[in-house]
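First up is the structure itself, then whatever we jot down about it.
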Amino acid sequence: MAYDGEDAANLVARLNAELRDAEPQAVLRAAIDLFGDKVAMVSSFGAESAVLLHMAAQIKPDIPVLFLDTGMLFGQTLDYRQKLAAELGLTDVRDLRPQFQDIAVHDPSADLWKSDTDACCNIRKVLPLDRALEGFDAWITGRKRFHGGARMRLKVVEAADGKVKFNPLANWSKEQLDAYALRHKLPAHPLVEFGYPSVGCWPCTRPAESEDVRGGRWAGSDKTECGIHVPRADGPALDVGGDI
Ligand code: SF4
């Protein structure tokens, strides 16, 4: 498989046809073969992150891994990011932090999350990731359909904001993830044993109170996504929509 500069919409349609039922490792290999140094993986080093990071490390340990250090993460997540990257042999994990000026202007007291979670996610997640992705043509995410909500329509390959997005685990179930982690003896995020099936920033994450894996994220509000997977209204025409 090679990227011959074909029209982006055609490329995404072709890749989806080829990879729709492929194993995650095959999707990862296709992304890396096609885009080489122009593809990055985005990881939260959260409760489910170890599986995809382990698969990537087997194929390309120097793949750029973009980690959003929002300044609001649990200390356990920061420790886990260090430990897991070292254990898996990932050599290019990049810590993305909010821009000083954005924090100084919009969130000097670090409490914007109390009044406007979308604005807080924008300066702490969306903008830092947008800046980091400028040098890439494609990125890899860890989203799965079993997360529910809009993710139930997630495709293995999608296009958004001028880039191709690969979701190698889109088809996988929670049971498949757990079995893989067990088989490869992957260390769990330290908060999993305390009832957190999904881990984000500390102000916006609670232990799960239901079967909904992401039910503890922004609990009590309508918010279900931080914004990094929401297409920009003013994004380039590549966005084919309907995927997230
Ligand atoms: S998840 Fe909460 S604390 Fe983290 S960036 Fe979004 S609103 Fe802010």
Side-chain angles (χ1 to χ4, degrees), residues 1-3 11 15 18-19 21-70 73-97 125 128-144 147 154 156-158 160 163-174 176-192 198-200 228-229:
M1 186 181 294
Y3 182 45
L11 172 65
L15 289 173
E18 292 174 5
L19 300 171
D21 300 316
E23 286 298 313
Q25 292 94 334
V27 178
L28 279 173
R29 280 185 205 285
I32 291 165
D33 286 351
L34 199 54
F35 287 97
D37 292 338
K38 291 293 185 181
V39 61
M41 173 171 287
V42 176
S43 179
S44 64
F45 285 80
E48 296 172 349
S49 298
V51 169
L52 194 59
L53 289 168
H54 178 266
M55 290 176 178
Q58 304 303 301
I59 298 169
K60 191 175 190 297
D62 64 346
I63 188 170
V65 177
L66 309 181
F67 169 62
L68 284 160
D69 179 357
T70 63
L73 297 176
F74 291 94
Q76 290 93 331
T77 299
L78 299 177
D79 292 345
Y80 186 59
R81 169 252 178 273
Q82 296 293 345
K83 175 183 170 179
L84 193 57
E87 198 165 313
L88 298 180
L90 291 163
T91 59
D92 190 9
V93 180
R94 304 178 188 185
D95 300 312
L96 312 182
R97 300 199 170 89
K125 293 185 175 183
L129 183 61
D130 280 355
R131 289 183 204 107
L133 283 174
E134 274 173 16
F136 297 98
D137 295 330
W139 49 303
I140 298 163
T141 91
R143 291 173 300 162
K144 301 106 189 156
H147 287 162
L154 185 67
V156 171
V157 188
E158 56 185 339
K163 302 186 193 301
V164 178
K165 288 166 76 172
F166 292 87
N167 307 304
L169 295 173
N171 300 328
W172 267 30
S173 65
K174 180 80 171 71
Q176 285 174 294
L177 282 179
D178 290 345
Y180 184 98
L182 196 63
R183 190 159 63 247
H184 295 280
K185 300 183 171 58
L186 301 180
H189 189 292
L191 290 177
V192 169
S198 178
V199 182
I228 65 172
H229 296 299

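Everything quoted here is computed from the prediction, not taken from an experiment.
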side-chain contact (heavy atoms from CB on, under 4.5 Å) between R143 and K165, worked out = CA-CA 11 Å; R143 291 173 300 162; K165 288 166 76 172; 3.5 Å; yes
[X] and [Y]: which non-hydrogen atoms are nearest, and at how many Å?
X: W172; Y: K144; value: O-CB, 4.1 Å
X: L96; Y: P128; value: CD1-O, 4.1 Å
X: D37; Y: F136; value: O-CE2, 3.6 Å
X: F35; Y: V164; value: CZ-CG2, 3.9 Å

Could you measure the distance from the [atom1] atom of [X] to the [atom2] atom of [Y]? Nearest 0.5 Å is fine.
X: L68; Y: D95; atom1: CG; atom2: CG; value: 10.0 Å
X: L88; Y: S49; atom1: CG; atom2: OG; value: 11.0 Å
X: S198; Y: H147; atom1: OG; atom2: NE2; value: 6.5 Å
X: S43; Y: I140; atom1: OG; atom2: CD1; value: 11.0 Å
X: T141; Y: L169; atom1: OG1; atom2: CG; value: 8.0 Å

Tell me if a side-chain donor or acceptor on [X] pairs with a main-chain N or O of [Y] at a distance below 3.5 Å.
X: Y80; Y: L191; value: no
X: K125; Y: T70; value: no
X: Q82; Y: D79; value: no

Residues two or more places apart in sequence or in another chain: which of them pass side-chain contact (heavy atoms from CB on, under 4.5 Å) with D69?
->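 Result, side-chain contact (heavy atoms from CB on, under 4.5 Å) vs D69: F67, L73, L78, R97.
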Name all residues meeting the side-chain contact (heavy atoms from CB on, under 4.5 Å) criterion together with A170; count only those two or more places apart in sequence or in a different chain, and write none if there are none.
->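 Partners of A170 under the side-chain contact (heavy atoms from CB on, under 4.5 Å) test: R145, L154, V156, N167.
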N/O donor to acceptor pairs below 3.5 angstrom from side-chain atoms of residues 21-30, sequence neighbours left out:
none

Name the one of V93, L90, L52 that satisfies side chain to side chain contact (heavy atoms under 4.5 Å, CB included) with M41?
->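 Looking at V93, L90, L52, the match for M41 under the side chain to side chain contact (heavy atoms under 4.5 Å, CB included) is L52.
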Name all residues meeting the side chain to side chain donor-acceptor pair (under 3.5 Å) criterion together with T77; count only those two or more places apart in sequence or in a different chain, and write none if there are none.
->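 Scan of T77 (side chain to side chain donor-acceptor pair (under 3.5 Å), adjacent residues dropped) gives H189.
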Residues which pass side chain to side chain donor-acceptor pair (under 3.5 Å) with R94, listed by chain and number, not counting sequence neighbours |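 In terms of side chain to side chain donor-acceptor pair (under 3.5 Å), with neighbours along the sequence ignored, R94 is linked to D92.
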So Y180 and M55, side-chain contact (heavy atoms from CB on, under 4.5 Å) or not? Walk me through it.
-> CA-CA 10 Å; Y180 184 98; M55 290 176 178; 3.4 Å; yes
Is any NZ, NE, NH1 or NH2 atom of the basic residue among E48 and K174 found under 4.0 Å from an Asp or Glu carboxylate oxygen of the other?
->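 Judged by the 4.0 Å cut-off on N to carboxylate O distance, E48 and K174 do not form a salt bridge.
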For L15 and L34, run side-chain contact (heavy atoms from CB on, under 4.5 Å): C-alpha distance rounded to whole Å, both residues' side-chain angles, the deciding distance at 0.1 Å, then the answer.
-> CA-CA 10 Å; L15 289 173; L34 199 54; 3.8 Å; yes
Show me the side-chain donor-acceptor pairs of residues 58-66 shorter than 3.5 Å, one per line, residues at least two apart or across chains.
| residue | atom | partner | partner atom | Å |
| --- | --- | --- | --- | --- |
| Q58 | NE2 | H54 | NE2 | 3.3 |
| K60 | NZ | D62 | OD1 | 3.2 |

